[in-house]
Structures are given as structure tokens and as C-alpha cells.
Amino acid sequence: MPELPEVETVRRGLAELIMGRRVEQAWCGRSDLRYPFPAGFVSALEGSVISRIDRRGKYLLFALGDGRLLAWHLGMTGQFHVLPAQSPAAKHEHVRLLLDDGGSLRYRDARRFGYAGLMDEDHWQSHPWFAHMGPEPLSEDFNAAVLAGLCRGRKSPIKGVIMDAHVVAGIGNIYACEALYGAGIHPGRAAGRISLLRLQGLIDSIRTVLLAAIEAGGSSISDFVRADGRPGMFAHQFSVYGRAGKPCPACGGEIRRIVQAGRSSFFCPGCQH
DNA sequence: CTGAAGACCTGCCTGC
DNA sequence: TGCAGGCAGGTCTTCA
């Protein structure tokens with residue numbers, strides 16, 4: 001479900017709806033998501049105040065107002081919803097937090113690939129989930145010189161490189177395909193054989209597509225929804241993702257689908273080299 | 001070291 | 001209508 005624009009959309013929605021709320025009561029239906037919740041997870045949340053909500057890569061970071069930080073990854077199908085406290089539990093609802101304004105925060109995750117962890121607010125960046133994470137793609141730290149250094153000598157396909165969170169955070173299958181299309185680079189091209197100029201073009205394309213997707217509230221393909229239940233609209237703007245056999249918006253040629261490292265890649269053979 | 005493949009889990013769509 | 005097979009936005013581990 002969620003890549004950077006979707007997680008950012010969820011973050012903004014939650015910030016609007018639950019920032020400053022105190023957790024009166026926490027409930028956890030099952031703890032065996034991708035990893036078990038940490039011991040004392042539920043009691044650690046009760047009484048805390050959600051003082052800030054940040055994002056790093058595809059992780060949501062909830063500051064709990066007492067020096068602790070709750071880091072949460074949505075996996076493929078994780079969703080947060082803000083609903084009245086008395087609303088019945090939906091299928092696959094695993095966590096429910098009752099808030100001091102009569103609302104509640106629900107976490108739902110059909111495939112249970114999501115996970116959460118508690119850490120110290122001052123040291124979260126050294127936690128194993130974050131210690132080796134690459135720069136944010138929308139920050140100045142992600143630039144052509146850095147990317148070229150990481151690509152040098154590598155024969156692996158460029159698509160896998162930009163999806164590697166150790167290289168740059170937050171880019172998944174959809175936006176990797178869309179960004180490579182925007183830059184005119186074939187997803188199978190060896191990373192080490194792309195000029196600095198074209199890498200700069202790729203960085204520009206990544207930023208353009210991520211910003212446009214955030215602007216549109218993310219992409220709803222099957223089950224992504226915002227915290228308030230509305231769908232994201234960016235899927236309507238896909239140039240190549242999920243469009244195998246359909247015409248390229250630029251040249252009219254047929255979009256192709258290939259499989260790389262077990263993931264679908266979509267591209268235009270006429271426009272991407 | 002690199003990179004591909006398998007694993008985790010459920011739901012939905014397609015085709016027979 | 002039923003059922004098998006393939007597919008799905010992520011990431012970690014294993015193996016060559």
C-alpha cells in the first residue's frame with residue numbers, strides 16, 4: 001500500500017485529527033504482526049499525549065510527550081483510521097486507542113506486514129530500523145553526487161538501487177517506475193552506466209513525482225485510504241504503473257511489463273533507454 | 001561483496 | 001458457482 005506519498009498523506013491527516021490528544025485507553029487484539037509488539041506496548045501508550053507526528057521514509061513517528069517515540073510501519077496493507085470511540089471494530093482491526101476527545105485511533109492490517117516499536121526520542125536514529133537508512137528524497141542530502149557514488153561500478157538495475165532504502169528512503173515499486181519513466185531511463189539499465197547528468201534528471205523526476213503524489217493525497221490502488229477515509233487521487237495520473245498494453249502518454253507506444261527481482265516493472269520501450 | 005529468490009499473510013481478480 | 005493460480009504498494013533472510 002504505502003510508499004512515501006501515502007505515508008506522508010496519512011501523517012498529515014493524523015496530525016490534523018489527533019495531535020495533542022491523550023490516550024485514555026489502549027487495546028491490542030493480536031500482537032503477531034510482522035514482529036510482535038514490544039512488551040508492555042499497551043500500557044506504555046495509556047496516558048501518553050500524542051505531541052507530534054513525523055515521518056522518516058515509510059515510517060510514521062509518534063512523539064508520546066514523555067521522551068519516547070512510537071515508530072510504525074504500515075507494511076503493505078496497514079491503515080490508520082480516526083473514528084468515534086463506539087464505532088464497531090472493522091475486520092483485521094488489531095489496535096485501538098481511545099482518545100480524550102471521544103474519538104479513537106484504529107489500526108487495521110489485513111496482511112499483517114506492518115509493525116511498530118517503541119524507542120527513545122533522542123536516540124531513534126540509531127535504532128536498527130533507521131541507522132542505515134538513506135537520505136529523504138525531498139531533502140538536499142539526496143543529490144547527484146551522492147547517488148553517483150552509490151551507483152559507481154554497480155551492474156544491478158537502477159530500479160533496484162532507487163528502491164533500496166539504504167540508498168534513498170521511501171521509494172517503492174510504483175514511484176520507482178513512474179520516476180524512471182519521467183527521466184527516460186530503462187528500469188533494467190545498469191546503475192553504474194548512467195551519466196551524472198541523467199542521474200540528476202532522475203533525482204529531479206523522483207522529486208517531481210513524489211511531490212505531485214503528495215499533492216494528490218497519495219495513490220489508492222486497492223486499499224489505501226487516508227485517516228479520514230478519503231481515497232488518494234494520484235493513481236489517475238500514473239503514466240506507466242499498472243498500464244501494460246496501454247499507450248504511452250508521450251509517444252503512444254505500448255507500455256510493457258517485465259519482472260525484476262520478483263517485482264513488476266512498467267516502462268515505455270520507446271521513451272526509456 | 002552483489003543480487004536474486006523465498007519468506008511472511010490475506011484478499012481479490014482472472015480464467016477454466 | 002467453485003476453485004486454482006497469479007497478483008499486490010514492503011522488507012528481511014537465505015543462498016548462489
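Computed from a predicted structure; not experimentally measured. The chains referred to below are lettered A, B, ... by the order of the sequence lines, with proteins before strands, and numbering in each begins at 1. Side chains are part of it too, since the values below use all heavy atoms of this structure and drop only hydrogens, waters and symmetry mates.
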Euclidean distance, atom CG of residue Asp32(A) to atom P of dT10(B) [Å, nearest integer]:
9 Å

Please walk me through it: do Tyr59(A) and Trp72(A) pass ring pair (Phe, Tyr, Trp, His ring centres under 6.0 Å)?
CA-CA 5 Å; Tyr59(A) 289 81; Trp72(A) 206 304; over 10 Å; no

May I ask you to say whether Arg12(A) pairs ionically with Glu8(A), meaning some side-chain N is under 4.0 Å from a carboxylate O?
yes

Considering only dA8(C), dC12(C), dG10(C), which nucleotide approaches the side chain of Arg257(A) most closely?
dA8(C)

Against the side chain of Ser156(A), the closest entry in dT2(B), dC12(C), dT10(B) is dT2(B)

Which stems, defined as runs of 3 or more consecutive Watson-Crick or G-U wobble pairs with both pairing distances under 3.5 Å, involve DNA chain C?
B:2-8 with C:10-16, B:10-16 with C:2-8

Between C1' of dC9(B) and CZ of Arg108(A), the distance in whole Å
16 Å

Rounded distance in Å - CE (Met163(A)) to C1' (dC12(C)):
14 Å

Nearest-Å distance, CG (Leu4(A)) to C1' (dG9(C))?
13 Å

Would you tell me if any nitrogen or oxygen in the side chain of His92(A) comes within less than 4.0 Å of OP1 or OP2 on dC9(B)?
no

Trp129(A) CH2 to dT13(C) C1', straight-line distance once rounded to whole Å:
17 Å

Just the rounded figure in Å: distance from C1' of dT11(C) to NE2 of His132(A).
15 Å

Reckon Lys58(A) has a side-chain N or O less than 4.0 Å from the OP1 or OP2 of dT11(C)?
yes

Is the distance from OP1 or OP2 of dG9(C) to the nearest side-chain N or O of Tyr241(A) less than 4.0 Å?
yes

Any donor-acceptor pair under 3.5 Å joining the side chain of Arg112(A) to the base of dT10(B)?
no

Apply side chain to side chain donor-acceptor pair (under 3.5 Å) to the pair Arg11(A) and Thr9(A), showing each step before the final yes or no.
CA-CA 5 Å; Arg11(A) 187 196 71 75; Thr9(A) 298; over 6 Å; no

Return the nearest nucleotide to the side chain of Arg111(A); candidates are dG10(C), dC9(B), dG11(B).
dC9(B)

Measuring centre to centre across the rings, with the benzene-like ring taken for any Trp, is Tyr241(A) within less than 6.0 Å of Phe267(A)?
no

Would you compute the distance between atom CG of Asn173(A) and atom CD of Gln260(A) and round it to the nearest 0.5 angstrom?
9.0 Å

Provide the distance between the two P atoms, one in dA5(B) and one in dG6(C), to the nearest whole Å.
16 Å

Can you figure out which of dC12(C), dA8(C), dG9(C) approaches the side chain of Tyr35(A) most closely?
dC12(C)

Are OP1 or OP2 of dG9(C) and a side-chain N or O of Arg263(A) less than 4.0 angstrom apart?
yes

Hey, what do you get for CZ (Arg198(A)) to CD1 (Ile203(A)), rounding to the nearest 0.5 Å?
13.5 Å

Glu6(A) has its side chain closest, among dT2(B), dG9(C), dG10(C), to dG9(C)

When the distance from CG of Asp109(A) to C1' of dG11(B) is rounded to whole Å, what number comes out?
12 Å

Show which side-chain atoms of residues 242-258 of chain A pair as donor or acceptor with protein atoms under 3.5 Å away, not counting sequence neighbours.
{"from": "Arg243(A)", "atom 1": "NH1", "to": "Ser239(A)", "atom 2": "O", "distance (Å)": "2.7"}
{"from": "Arg243(A)", "atom 1": "NH1", "to": "Pro247(A)", "atom 2": "O", "distance (Å)": "3.1"}
{"from": "Arg243(A)", "atom 1": "NH2", "to": "Pro247(A)", "atom 2": "O", "distance (Å)": "3.1"}
{"from": "Arg257(A)", "atom 1": "NE", "to": "Ser264(A)", "atom 2": "OG", "distance (Å)": "2.8"}
{"from": "Arg257(A)", "atom 1": "NH2", "to": "Ser264(A)", "atom 2": "OG", "distance (Å)": "2.8"}

Is_stacked (Phe113(A), dT11(C)) at 5.5 Å, 30 deg:
no

Ranking dT11(C), dA4(B), dA8(C) by distance to the side chain of His73(A), first place goes to dT11(C)

Give me the distance, rounded to whole Å, that separates dG11(B) from dC12(C) when you measure between the P atoms they each carry.
24 Å

Do Tyr175(A) and Ser219(A) get their side chains close enough for a donor-acceptor pair, meaning under 3.5 Å?
yes

Using side chain to side chain donor-acceptor pair (under 3.5 Å), reason through His81(A) and Gln79(A) one step at a time and then give a plain yes or no.
CA-CA 7 Å; His81(A) 294 273; Gln79(A) 300 179 347; 2.8 Å; yes

Selected nucleotide, minimal atom distance to Ser264(A) side chain, candidates dG11(B), dA8(C), dG10(C):
dA8(C)

Separation of atom CD1 in Ile258(A) from atom P in dC7(C), rounded to whole Å
14 Å

Which nucleotide sits closest to the side chain of Arg154(A): dG3(B), dT11(C), dC12(C)?
dG3(B)

